[in-house]
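Working notes, beginning with the structure itself.
Both counts, for ligands and for their atoms, begin at 1 and track the order of listing. The shown structure was predicted, so the numbers you read here are calculated from the model rather than taken from an experiment.
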Amino acid sequence: MNEVLRIAVQKSGRLSEDSLNLFKECGIKFDNGAGKLKATSSNFPAEFLFLRDDDIPGYVEDGVADIGIVGQNVHVETSKHVNEVKLLGFSKCRLSIAIPRSETYGGVKELEGKSIATSYPVILGNFLKENGVTAHIHEISGSVEIAPSIGLAHAVCDIVSSGGTLLSNGLKEVEVIFRSEAIMIGYPNLSPEKQNILNQILFRIDSVQRAKNRKYVVLNTKQENIALIRQLLPGMKAPSILPLADEGWVSMHSVIEEQDFWQNIEKLRDAGAEGILVLPIEKMIF
Ligand SMILES: Nc1ncnc2c1ncn2[C@@H]1O[C@H](COP(=O)(O)OP(=O)(O)OP(=O)(O)O)[C@@H](O)[C@H]1O
Ligand SMILES: O=P(O)(O)OC[C@H]1O[C@H](OP(=O)(O)OP(=O)(O)O)[C@H](O)[C@@H]1O
Ligand SMILES: [Mg+2]
């Protein structure tokens with residue numbers, strides 16, 4: 001039988017775009033047109049399910065989906081029996097406790113006896129327990145930041161990224177209780193065929209991610225500068241050196257970490273590098 005890997009991604013929200021791009025950058029084609037809840041790839045043995053993020057860990061635990069992408073916050077909150085396959089580095093945010101801006105805050109003990117509105121009762125409950133605080137957790141499923149202003153709770157515990165939502169609701173962040181990014185989770189008992197398909201995807205993701213952090217650098221210099229410039233281009237391997245039509249001049253090519261490039265740019269110019277080109281790399285296969 002020809003096995004297909006079932007992949008659960010968020011239908012629409014903060015994870016959707018980066019999740020879909022991850023697979024598209026891996027060359028996996030599929031149609032995710034508006035209103036579509038399921039799509040089969042035209043060039044890879046994969047099928048996509050477009051779901052509410054909260055439901056994804058349950059589907060993966062049951063094996064209805066083979067892998068899924070959720071925030072670590074949802075993975076930990078739902079506490080389903082799934083494998084943690086890979087951290088993905090996008091949708092970074094934190095789960096924080098916030099109180100009205102006008103109030104003072106002297107530490108976690110001040111939450112004793114208070115009510116806190118949240119969509120994350122498990123993570124919040126663990127935090128309060130670890131800190132020996134007893135508070136009333138008021139579970140609501142969305143628009144949590146409104147709770148203090150309508151008298152529903154004293155404080156909130158919700159996702160924060162820029163802090164803009166807290167600010168526009170008159171709240172201030174007082175405790176960061178969890179840091180999160182997107183994670184790929186997987187069904188623990190995949191068949192060997194499905195594991196093989198997943199391995200192919202992971203190999204492609206690694207190639208794409210590796211390429212994202214690196215640049216292809218091309219520069220021209222006089223032959224006598226080669227040794228000095230080589231020290232400033234800590235590439236994967238020795239740089240390629242090609243002669244130019246002008247006598248005594250060469251072109252040097254290397255792959256370097258973007259961070260190293262910015263640190264070394266001035267030194268490269270001082271060492272005699274000219275016409276420096278920095279090019280993006282789409283994929284890097286080892
Ligand atoms: N402002 C943000 N910046 C970065 N990441 C975020 C932000 N808000 C949420 N996230 C992350 O993205 C995940 C999905 O957020 P989103 O707001 O789309 O969820 P949702 O409203 O519960 O969606 P759904 O309709 O699928 O249930 C969160 O669980 C969190 O991990
Ligand atoms: O700190 P900020 O950058 O303001 O981001 C935090 C907000 O982002 C998320 O909501 P989102 O905007 O995704 O809407 P939602 O509540 O409908 O999920 C989250 O629930 C916070 O409310
Ligand atoms: Mg949700």
the protein heavy atom lying closest to atom 18 (O) of ligand 1 turns out to be Arg14 N, 2.7 Å
Is there a donor in the side chain of Asn73 and an acceptor in the side chain of Tyr120, or the other way round, less than 3.5 Å apart?
yes
Residues Lys38 and Asn32: side-chain donor-acceptor under 3.5 angstrom:
no
Which atoms form the tightest heavy-atom contact between Ile99 and Ala155, and what is the distance?
CG2-CB, 3.8 Å
Cluster overlap Ile276 with Trp262, hydrophobic side-chain contacts below 4.5 Å
yes
In terms of the angle between their ring planes, are Phe30 and Phe50 parallel, tilted or perpendicular, with boundaries placed at 30° and 60°?
tilted
Would you say the side-chain atoms of Ser96 and Glu173 include a donor-acceptor pair closer than 3.5 Å?
yes
Tell me which part of Asp53 gets within contact of ligand 1: side chain, backbone, both or neither, using heavy atoms under 4.0 Å.
both
Candidates Lys11, His75, Lys92; heavy atom nearest atom 4 (C) of ligand 1 found on Lys92
By atom name, which N, O or S atom of Asp54 is the nearest to the Mg ion (ligand 3)?
OD1
Tell me yes or no: between the side chains of Asn213 and Gln209, is some donor less than 3.5 Å from an acceptor?
no
Shortest-distance N, O or S atom of Asp53 relative to the Mg ion (ligand 3)
OD1
With heavy-atom distances below 4.0 Å as the criterion, list the atoms of ligand 1 near Ser161.
1 (N), 2 (C), 3 (N)
Closest to atom 29 (O) of ligand 1 among Leu51, Asp54, Asn73 (heavy-atom distance)
Asn73
For Arg101 against Lys172, the heavy-atom pair lying closest together:
O-NZ, 3.5 Å
Among Gln10, Glu181, Arg52, Glu77, which one puts a heavy atom closest to atom 23 (O) of ligand 1?
Gln10
Salt-bridge test for Lys215 and Glu257: reply yes if a basic N is under 4.0 Å from a carboxylate O, no otherwise.
no
Return the option from Leu95, Leu15, Ile183 holding the heavy atom at the smallest distance from atom 13 (C) of ligand 1.
Leu15
Numbered atoms of ligand 1 (with element) below 4.0 Å of Gly71, judged on heavy atoms:
31 (O)
Check the side chains of Asn43 and Ser41 for a donor-acceptor pair under 3.5 angstrom, ignoring hydrogens and angles.
yes
Val74: numbered ligand 1 atoms lying under 4.0 Å from its heavy atoms
29 (O)
Give yes or no for whether the N/O distance cutoff of 3.5 Å, strictly under, is met between Gln72 and ligand 1.
no
So do the side chains of Met284 and Val255 get within less than 4.5 Å of each other, counting heavy atoms only?
yes
Contact atoms of ligand 1, heavy-atom distance to Gly13 under 4.0 Å:
18 (O)
More than 12 non-hydrogen atoms from neighbouring residues, nucleotides or ligands closer than 6.0 Å to CZ on Arg230, yes or no?
no
Option nearest atom 5 (N) of ligand 1 (shortest heavy-atom distance, choices Ser19, Ser91, Gly142, Ser141):
Ser91
Around atom 11 (C) of ligand 1, find the nearest protein heavy atom and jot down its residue, atom name and distance.
Cys93 SG, 3.9 Å
Minimal heavy-atom distance between Gln10 and Leu15, with the atoms involved, is OE1-N, 2.8 Å
Over 60° means perpendicular and under 30° means parallel, so tell me whether His136 and His138 are parallel, tilted or perpendicular.
perpendicular
Element-labelled atoms of ligand 1 that are located less than 4.0 Å from some non-hydrogen atom of Ile159:
7 (C), 8 (N), 9 (C)
Evaluate the 4.0 Å heavy atom contact test for atom 26 (O) of ligand 1: does a protein atom fall under the cut-off?
yes
What does the N/O contact table under 3.5 Å look like for ligand 2?
from     : atom 1 : to     : atom 2 : distance (Å)
ligand 2 : 1 (O)  : Ser161 : N      : 2.8
ligand 2 : 1 (O)  : Ser162 : N      : 3.1
ligand 2 : 1 (O)  : Gly163 : N      : 2.8
ligand 2 : 3 (O)  : Ser162 : N      : 2.8
ligand 2 : 3 (O)  : Ser162 : OG     : 2.6
ligand 2 : 4 (O)  : Thr165 : N      : 2.9
ligand 2 : 4 (O)  : Thr165 : OG1    : 2.5
ligand 2 : 8 (O)  : Arg14  : NH2    : 3.3
ligand 2 : 12 (O) : Arg14  : NH2    : 2.9
ligand 2 : 13 (O) : Arg14  : NE     : 2.8
ligand 2 : 22 (O) : Glu145 : OE2    : 2.7

